[in-house]
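Remember, it's 1-based here, ligands and their atoms both numbered in the order they're listed. What you see is a predicted model, and the numbers here were worked out from it, not measured in a lab.
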Amino acid sequence: MPRPLAAPPARWLARAGAATARSRAVTACSTAPRLATLRRSTSTSTVSTSPTSTTSTTSPTTTSPTKTAPTQSTSWTRSLTPACSLQDLAFQLFDVLDIERTVLAASPRFQAHTRDVVESALSTAQQVALRHYLPHNRKSDLQEPTFDPATGKVAIIPEVKAALEQFRAAGLCAAHADEDLGGMQLPSTVTNALMVPFYAANIGTASYTFLTTAAGNMLRKYGSRQQMERYLAPMLEGRFTGTMSMSETQAGSSLGDIATKAVRRADGTYAIVGKKMWISGGEHDLSENIVNMVLAKVVGPEAPNHTPAGVKSISLFVVPKFRVNPDGSLGPRNGVSLGGLNKKLGWRGTTNCGELLFGEQGECVGELLGEEGKGLSVMFTMMNEARITIGFIAAALAYAGFAASVSYASERGQGRAVDNKDPASPPVLIKDHPDVRRMLLLQQSYAEGALALCLYASRLVDRTHQAAPDADPALLKREALLLDVLTPIVKSWPSQWCLESNSTAIQVHGGYGYTRDFAVEQHYRSARLNMIHEGTNGIQSLDLLGRKMLAMKGLPVLLDAVRGAVEDARAAPFADAALQRRAQLLAEAADRLERTTAALANAPLKTALANSHEYLNMAGFTVVAWMWLAQETAAARKLAGAASGGLGPDETDFLRAKRRASRYFFAYELPRTKPQAELLQSLDDVLLDAEF
Ligand SMILES: Cc1cc2nc3c(=O)[nH]c(=O)nc-3n(C[C@H](O)[C@H](O)[C@H](O)COP(=O)(O)OP(=O)(O)OC[C@H]3O[C@@H](n4cnc5c(N)ncnc54)[C@H](O)[C@@H]3O)c2cc1C
């Protein structure tokens with residue numbers, strides 16, 4: 001008999017004792033074997049890593065890099081690790097987004113959670129990422145998965161499975177899930193923050209769990225009780241993994257052109273026949289079963305070889321690698337087989353199927369998820385979640401590159417100050433050259449700005465999807481529209497500009513950054529994917545301008561939110577001249593975006609959409625400036641409060657660094673939106689004229 005949904009898995013019961021979400025979370029975090037106790041001051045704790053660790057440092061004054069095993073602090077201090085700064089995550093969650101008031105207290109679903117629970121969970125995530133994900137990041141890049149056509153099996157280095165087991169054992173597979181499904185019921189804002197250390201440490205391994213979480217959330221929303229028992233419960237236990245099976249060779253951006261078919265069977269299931277391409281995590285032995293979420297078109301017996309055109313004929317199917325018996329045990333192999341793996345630029349630890357074949361080796365049975373013909377709109381649940389995740393991944397990789405850059409620039413000696421005429425004087429550290437500082441500030445402002453944006457969007461997910469029953473419906477509608485408007489920006493701005501940040505990290509390392517001895521080149525290769533998958537940035541730009549701004553008229557809610565932050569900064573009793581000045585610059589940028597959108601709205605649609613890429617960039621830099629003003633306002637508030645005592649020198653340094661990065665972004669980055677506005681308002685149509 002399938003396990004009833006109301007009964008939490010035994011694993012949780014054993015661990016949790018009292019059955020509240022809060023106690024479960026605390027217990028899950030505090031009983032795992034490797035957890036550090038929560039500290040909010042300078043840490044003395046270090047976690048040793050294996051010598052295969054990805055980050056190397058150089059001796060300050062030699063030109064030959066000596067690889068040494070890094071020391072990774074897990075403190076709540078400014079010190080950056082190759083994962084990320086917990087201090088920054090906590091600042092963004094509690095001081096900028098004020099999630100205690102705006103998320104935890106705002107919804108009955110989250111009310112049992114406190115700041116302590118969240119901090120403890122962040123600490124756990126950082127520990128697991130540093131101990132179990134980071135050490136094999138380079139190894140899985142060098143020894144990527146291989147496929148043996150004779151056996152149909154994929155070989156993956158054992159560290160990947162071991163790391164996923166640690167992730168599961170720490171309770172992270174179900175961190176987001178409902179209490180009655182055995183989860184911790186943490187908000188998305190928190191669960192997304194928890195994943196940042198994993199993405200930064202080893203995206204190749206972390207991708208398996210993010211795909212599973214997103215597939216599980218879709219099952220939770222649209223699945224029948226039986227589907228949840230069969231598939232979702234083992235996903236939350238970490239026994240099954242999930243995939244998103246949409247793309248085909250001829251149908252990537254244009255999913256309306258997929259050719260995979262679903263033929264109704266007498267028992268209400270469907271026979272799936274077709275070939276998918278690019279499917280991440282489509283084959284491996286890391287889990288007991290793989291639950292593929294497959295888009296296909298239902299064909300009738302009257303026309304079995306005809307797949308109707310367009311997206312309205314697409315349905316979504318749950319297609320497991322192994323069929324699942326009614327009692328939850330694994331049945332025979334379903335007809336899903338691997339045709340080959342892609343050899344990729346980055347994310348090499350993640351298997352990526354060159355061909356995932358359905359119905360070629362034995363019958364492939366799928367179960368409908370949702371209704372026939374509504375497959376794409378159901379899949380959008382997973383796609384929208386994945387788009388926000390891509391923003392997080394891009395931000396996390398930029399974070400990792402920034403951490404490596406700060407570390408390298410703090411040790412590498414080269415050259416002398418321009419006003420030092422003494423050739424016999426010792427070299428200075430490269431971080432003392434203004435141009436290197438420029439590169440460090442660029443990375444900080446892109447990584448932390450992107451992270452702020454992703455967290456802001458996650459908060460909108462919590463506020464709109466998990467609102468209290470008495471929440472103001474008008475406010476909910478506005479926040480839902482704001483989330484719609486921001487989603488393409490969250491996916492695209494970090495994808496493009498955090499890649500630039502990863503490129504800049506290589507530049508900070510000079511020639512060494514271009515070698516495979518240093519982690520930054522791997523970050524760069526991995527980050528390059530983010531502009532391509534989950535809807536290319538070109539497709540996102542059409543979505544932003546054509547759908548969200550022009551058709552859905554989403555600009556006013558965005559401008560209201562931006563102008564609200566401007567007013568908050570201006571009205572703050574602690575606002576000094578610098579903060580006022582930056583509030584003014586953001587107000588002008590918002591006006592520019594308004595004028596530019598109006599000009600495009602009045603242009604022929606084809607001309608407007610031809611310029612959507614530039615528009616996306618302009619909107620992106622404006623939105624990230626908004627995120628920086630919000631961060632700087634929070635930092636200034638804390639610093640002003642510190643006048644009466646309470647902040648240690650470390651936190652003061654952290655907050656001053658926030659203000660400095662904001663100053664950099666407003667001075668060097670936001671001004672890009674002026675020529676962008678000029679170009680867009682000129683309605684140039686060279687992109688329509690060009691011929692090749
Ligand atoms: C490593 C990797 C992992 C992936 N994982 C998955 C996965 O797990 N599941 C899955 O289903 N898919 C996955 N994909 C597929 C990915 O989503 C597609 O590659 C992506 O959607 C683009 O499709 P395409 O490659 O066919 O390119 P195309 O759609 O052919 O696009 C090529 C170029 O043309 C542009 N273009 C296309 N159409 C338009 C248009 N209408 N207007 C303007 N420009 C346009 C694009 O922006 C792009 O620059 C993965 C891809 C990679 C590389």
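The distance criterion of under 3.5 Å between nitrogen or oxygen atoms is met by Ser280 with respect to ligand 1. On a distance-only criterion, Ser247 and ligand 1 share at least one N/O pair closer than 3.5 Å.
Side-chain contact annotation: Glu367 with Tyr231, donor-acceptor N/O pair under 3.5 Å present. A donor and an acceptor atom, one from each side chain of Thr597 and Tyr615, are located under 3.5 Å apart.
A cation-pi arrangement, defined by a distance under 6.0 Å to the six-membered ring centre and an angle within 45 degrees of its axis, is absent between Arg264 and Tyr270.
With atom 20 (C) of ligand 1 as the reference point, the heavy atom nearest to it among Ile532, Leu529, Leu211 is part of Ile532. Remark: among candidates Met244, Lys276, Glu534, the nearest residue to atom 9 (N) of ligand 1 is Met244, based on non-hydrogen atoms.
Aromatic ring centres of Phe392 and Tyr199: separated by at least 6.0 Å. When ring centroids are compared, Phe167 and Phe198 come within the 6.0 Å threshold.
Of the protein's non-hydrogen atoms, the one nearest atom 48 (C) of ligand 1 is Thr536 CG2, 4.0 Å. The protein non-hydrogen atom at the shortest distance from atom 3 (C) of ligand 1 is Asn352 ND2, 3.1 Å. From the protein, the heavy atom lying nearest to atom 42 (N) of ligand 1 is Leu542 CD1, 3.5 Å. With respect to atom 30 (O) of ligand 1, the closest heavy atom belonging to the protein is Ser253 OG, 5.0 Å. Of all protein heavy atoms, the one lying nearest to atom 39 (C) of ligand 1 is Ile539 CD1, 3.7 Å. The single protein non-hydrogen atom nearest to atom 25 (O) of ligand 1 is Trp278 NE1, 4.0 Å, given as residue, atom name and distance. Counting protein heavy atoms only, atom 24 (P) of ligand 1 is closest to Gly252 CA, 3.9 Å.
Tested against Glu159, the residues His132, His136, Lys139, Gln143 include a single side chain to side chain donor-acceptor pair (under 3.5 Å) partner, Lys139.
Between Thr243 and ligand 1 there is no heavy-atom distance shorter than 4.0 Å.
Side-chain contact between Gln496 and Lys491: absent, with no pair of heavy atoms (C-beta onward) separated by less than 4.5 Å.
With respect to Glu283 and Arg333, a salt bridge is recorded, a charged nitrogen being found less than 4.0 Å from a carboxylate O. The pair Lys161-Asp285 does not meet the salt-bridge criterion, since no charged nitrogen lies less than 4.0 angstrom from a carboxylate oxygen.
Within 6.0 Å of CZ on Arg525 lie more than 12 heavy atoms contributed by other residues, nucleotides or ligands.
Distance check on atom 33 (C) of ligand 1: every protein heavy atom falls at or beyond the 4.0 Å cut-off. Distance remark: protein heavy atom not present below 4.0 angstrom from atom 44 (N) of ligand 1.
Interface atoms of ligand 1 facing Lys344, defined by a heavy-atom separation under 4.0 Å, are 1 (C). Near Ile279, the atoms of ligand 1 lying under 4.0 angstrom from a non-hydrogen atom of the residue are 7 (C), 8 (O), 9 (N), 10 (C), 11 (O).
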